[in-house]
Every structure is written in C-alpha cells, then in structure tokens.
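Take a look at the structure below.
Residue numbering restarts at 1 for every chain, and letters A, B, ... go by the order of the sequence lines. In what follows, every heavy atom counts, from backbone to side chain, and hydrogens, waters and symmetry copies are set aside.
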Number of protein chains: 2
Amino acid sequence: MRAASKRQQIVDAADELFYSRGFSQTSFADIAAAVNISRGNFYYHFRTKDEILDAVIDKRLADRENLLGKWDETSDDPIKRIECFIKIVIVNQAKIMAYGCPVGTLTTELTKLDHASKDKANEIMALFRDWLTRQFEELGCESEAPRHALHVLSWSQGVATLAQAFKNEEFVKREVDQIVQWLVDVANAGATNH
Amino acid sequence: MRAASKRQQIVDAADELFYSRGFSQTSFADIAAAVNISRGNFYYHFRTKDEILDAVIDKRLADRENLLGKWDETSDDPIKRIECFIKIVIVNQAKIMAYGCPVGTLTTELTKLDHASKDKANEIMALFRDWLTRQFEELGCESEAPRHALHVLSWSQGVATLAQAFKNEEFVKREVDQIVQWLVDVANAGATNH
DNA sequence: GACCAATTAGGACAATCGTCCTATTTATGA
DNA sequence: TCATAAATAGGACGATTGTCCTAATTGGTC
C-alpha cells in the first residue's frame with residue numbers, strides 16, 4: 001500500500017519534471033530529490049529511466065481519458081464539449097506559457113530522440129484526435145469530422161507554442177474566440193446539410 | 001580563410017544536429033565527428049557549447065533574413081509573399097515531419113532549459129512575426145496586421161507539430177489550402193474597408 | 001633554411017549520467 | 001517474539017559530458 005503510494009509519488013514527480021525540464025534533462029537524482037528518497041533506493045521502484053517514462057505516459061493517458069470522460073458528461077451539446085477542449089489553453093495558461101503543451105512537447109522530444117516510447121507518447125495526441133472526431137460526428141459533420149478534429153488539435157498546438165514564445169495573454173484569448181466562432185459556423189453548416 | 005571555412009563547417013553541422021537531435025542531446029563529440037576534427041581541436045574554434053549555440057542562432061537569423069528578403073523580391077503582391085511563408089510547411093515537409101519546426105522546437109527546448117540564449121532564439125520567431133506584420137500592413141489591414149501575423153505564425157507551428165506527430169501529408173495540404181483561403185478573405189475584407 | 005603564427009591531436013580533469021550491488025533498516029504476520 | 005519480506009541508504013561501476021592544457025604539426029614569410 002505504501003509502496004504503491006511511493007511509486008505513485010515518483011510517477012507524479014517525474015510527470016511534472018518531464019514536463020517542466022524535458023525528459024532527457026531530468027535525471028534520476030532530480031526525481032529522487034523531489035520525492036525525498038536516495039538515488040540507491042530509486043532502483044527498487046524503477047530499474048531504468050525508460051520504465052519511468054512508460055509509467056508517466058500511462059499516467060498521462062489515464063488522466064486525459066478521465067478528463068475527456070468528464071467533458072462527455074458536462075453537456076449533451078458537442079459544441080460545449082469541444083469548447084472544453086479549446087479552453088484548456090486558457091485554464092492551463094500559466095503552465096503552457098512556461099513549458100508549452102505537455103503532449104506536444106513530449107511528442108516532439110521523443111521523436112527527436114528516436115525513443116522507443118515515441119509511438120506510445122503519440123497515443124496521447126491520438127486520444128484527443130479521436131475524441132474530437134467523435135464530437136464532430138455528433139455535430140453532424142460525419143465525413144468532415146476527422147479533418148475538423150485535426151484542425152482543432154493543430155490549432156491548439158500552434159497557440160501553445162506561440163503562447164510559450166511570446167507570453168501574450170490577449171493573443172490566446174483572441175485565438176480562442178476565433179476558433180469558437182469557427183466551431184459555431186461549422187456546426188451551423190453541418191445542421192443545414194441535414 | 002580556411003579557419004573561417006572550418007568554423008563555418010562547424011556551425012553548419014551544429015545547426016543540423018541541433019535541429020535533428022536537439023541542442024542538449026548534441027555533444028561536442030557529435031559535432032566534431034560530423035566535421036572530422038578531434039574533440040581537442042574543437043576548443044580552438046569554440047570554447048563553450050553556448051558559444052556554438054549563439055553562432056547557430058546567429059546563422060539561423062541571417063538565413064531567415066535572407067529568405068524573407070528573397071520573398072520580398074518575388075512579388076509586389078503581399079498575398080503572394082505571405083503564401084511563400086505558408087508553403088514552407090510543404091517545401092520542407094520531409095524534415096518537418098521528422099524533426100518539427102526548427103524555430104519552434106528550439107524555442108521550446110531552450111525555454112524549458114531556461115537557457116541564457118532563449119531570448120535570442122525567440123528573436124527568430126519575432127523576425128517572422130514582424131515580417132508577416134509588414135505584409136499584412138501592405139495588404140491594407142493596418143490595425144489588424146499584428147493579429148493576423150500571430151495567427152499565421154501560430155497556424156504554421158500547429159501544422160508543423162501535428163505533421164511531426166501524425167506524418168499525414170493530406171492534412172498538411174488541406175491546412176495550407178484552408179489558410180490560403182482565409183488569407184484571400186482577409187485581403188478582400190481589408191480592400192472593401194478602404 | 002629559419003621563424004612565427006595558425007591549426008591540430010591527444011589526453012587529463014572533475015562532474016554527472018544511468019545502472020547495479022549490497023548491506024541495513026523498517027514493517028508485517030504467524 | 002521471531003522470521004520473513006518490503007523498503008531504504010550508500011556507494012561502486014563504466015561511460016560520457018563540457019572544459020581545458022600542452023605538445024606537435026602545418027603553412028606562410030623573411
């Protein structure tokens with residue numbers, strides 16, 4: 001029980017550190033210090049750095065699935081649900097301006113490293129893509145749903161990258177308003193087609 | 001003469017390696033091997049890794065200024081020039097799918113490292129932003145020009161990130177067509193206002 | 001041919017990295 | 001209470017890192 005708790009503490013700390021410093025710039029010593037255990041003891045919980053990475057990705061996947069599940073329950077209107085996604089860039093604005101998007105930056109880093117878990121990290125991105133696709137399907141734009149999903153996902157990655165670069169709050173708000181307007185237009189166009 | 005040439009070789013090799021592997025995952029040994037000099041000799045040309053990074057950023061800044069200058073000369077129509085920028089994601093598609101955007105990924109990495117040269121790297125992003133702003137001003141949308149510039153820049157970063165994640169050529173083409181259409185609409189709206 | 005500066009190679013250095021081994025301490029349950 | 005397992009600390013290991021020093025080589029100039 002306490003073992004699981006300690007393991008969870010390690011994964012949580014690694015999650016934060018991988019996000020704020022990057023995976024390869026986070027050492028065993030960094031994580032051990034964050035959870036107050038010795039470097040030697042670390043080996044008891046995780047044998048390799050890649051093991052921790054996999055655990056972190058699993059946690060992120062679970063967290064996001066949880067989040068998407070909650071959004072599914074917030075409203076019957078898929079527009080409202082997609083707006084939940086859009087507004088992450090505002091809800092998490094402070095962290096995004098400091099460290100970028102946790103999903104996008106990890107994907108980019110692992111791909112450059114050609115890391116064995118890069119595909120697994122991409123699954124988080126795919127999770128959002130597929131969820132968005134379902135929302136657009138419910139909106140009535142069946143054949144266009146996958147394209148709209150990629151469009152919104154791409155939009156969010158761009159906003160996150162520029163938010164980190166320029167730290168411009170107004171830019172973020174403006175882009176959110178713009179994409180929400182686009183979303184409403186898409187919904188109306190889909191409705192008139194039926 | 002040969003010294004300058006060797007120095008240039010080093011900067012070029014570092015530029016490529018920083019792009020494909022990332023800054024902190026590129027070692028002195030990697031760069032030295034790429035230009036066929038010994039690690040010891042390296043110190044004669046660059047005393048610290050940060051010195052190489054600064055030289056690489058300077059080179060990238062110069063390269064981009066050069067590129068933007070050429071685009072300025074391609075056409076009198078700012079729409080055509082902005083389209084040049086938009087189509088980088090197609091021209092450089094192969095590399096972008098492999099390593100992402102060189103400007104965006106470096107900015108992200110240095111910010112996470114809290115590196116002393118992060119602001120300098122951001123200047124490359126600002127260079128594009130300011131150039132785009134001038135193009136939109138020429139288009140006639142004066143007060144909206146800075147916003148449009150950020151919008152296009154943000155769009156390009158999003159497309160690059162998703163291109164790297166999903167490696168979907170059709171997605172890139174579709175997004176390019178979409179933003180070009182948006183650009184034409186903006187131009188028409190600006191024209192009717194005058 | 002001799003001299004001087006530019007350029008190069010080799011290796012030392014202290015620090016840090018991921019990994020691993022081995023005691024020791026702590027907690028659990030019969 | 002005692003045996004057993006879980007958990008922890010400390011340190012060793014080989015490799016690699018950025019940095020730096022020194023000696024050797026090269027090339028051009030008088």
Length of the line joining [X]:[atom1] and [N]:[atom2], which is rounded to integer Å:
| X | N | atom1 | atom2 | answer |
| --- | --- | --- | --- | --- |
| B/Lys6 | D/dT26 | NZ | P | 15 Å |
| A/Lys49 | C/dT16 | NZ | C1' | 12 Å |
| B/Leu53 | D/dT19 | CG | P | 12 Å |
| B/Phe42 | C/dA6 | CZ | P | 20 Å |
| B/Phe46 | C/dT7 | CZ | C1' | 15 Å |
| A/Gln25 | D/dT16 | CD | C1' | 14 Å |
| B/Phe28 | C/dA14 | CZ | P | 19 Å |
| B/Ile10 | C/dT7 | CD1 | P | 11 Å |

Strictly below 4.0 Å: does [X] bring a side-chain N or O up to OP1 or OP2 of [N]?
| X | N | result |
| --- | --- | --- |
| A/Tyr44 | D/dT8 | no |
| B/His45 | C/dA6 | no |
| B/Ser38 | C/dG10 | no |
| B/Tyr43 | D/dT19 | no |

Identify whether any heavy atom of A/Ser24 sits under 4.0 Å from a base atom; if not, whether one sits that close to sugar-phosphate; answer base, sugar-phosphate or nothing.
-> nothing
Nearest-nucleotide comparison on DNA chain C, the residue closer to the 5′ end among A/Asp30 and A/Gly40 | A/Asp30
Centroid-centroid distance, B/His151 to A/Phe171, less than 6.0 Å | no
Determine whether B/Phe28 and B/Tyr43 make a side-chain contact, defined as any pair of heavy atoms from C-beta on separated by less than 4.5 Å.
-> no
Out of C/dT7, C/dG18, D/dA9, whichever nucleotide has its closest atom nearest the side chain of A/Asn41 = D/dA9
Side-chain atoms of A/Ile37 come closest, of D/dT17, C/dT19, D/dA9, to D/dA9
Six-ring centre of B/Tyr19, A/Lys112 cation under 6.0 angstrom, axis tolerance 45° | no
Could you label the plane-to-plane angle of the A/Phe136 and A/His148 rings as parallel, tilted or perpendicular, counting under 30° as parallel and over 60° as perpendicular?
-> tilted
When the ring planes of A/Phe85 and A/Trp131 are compared, do they come out parallel, tilted or perpendicular, using 30° and 60° as the limits?
-> tilted
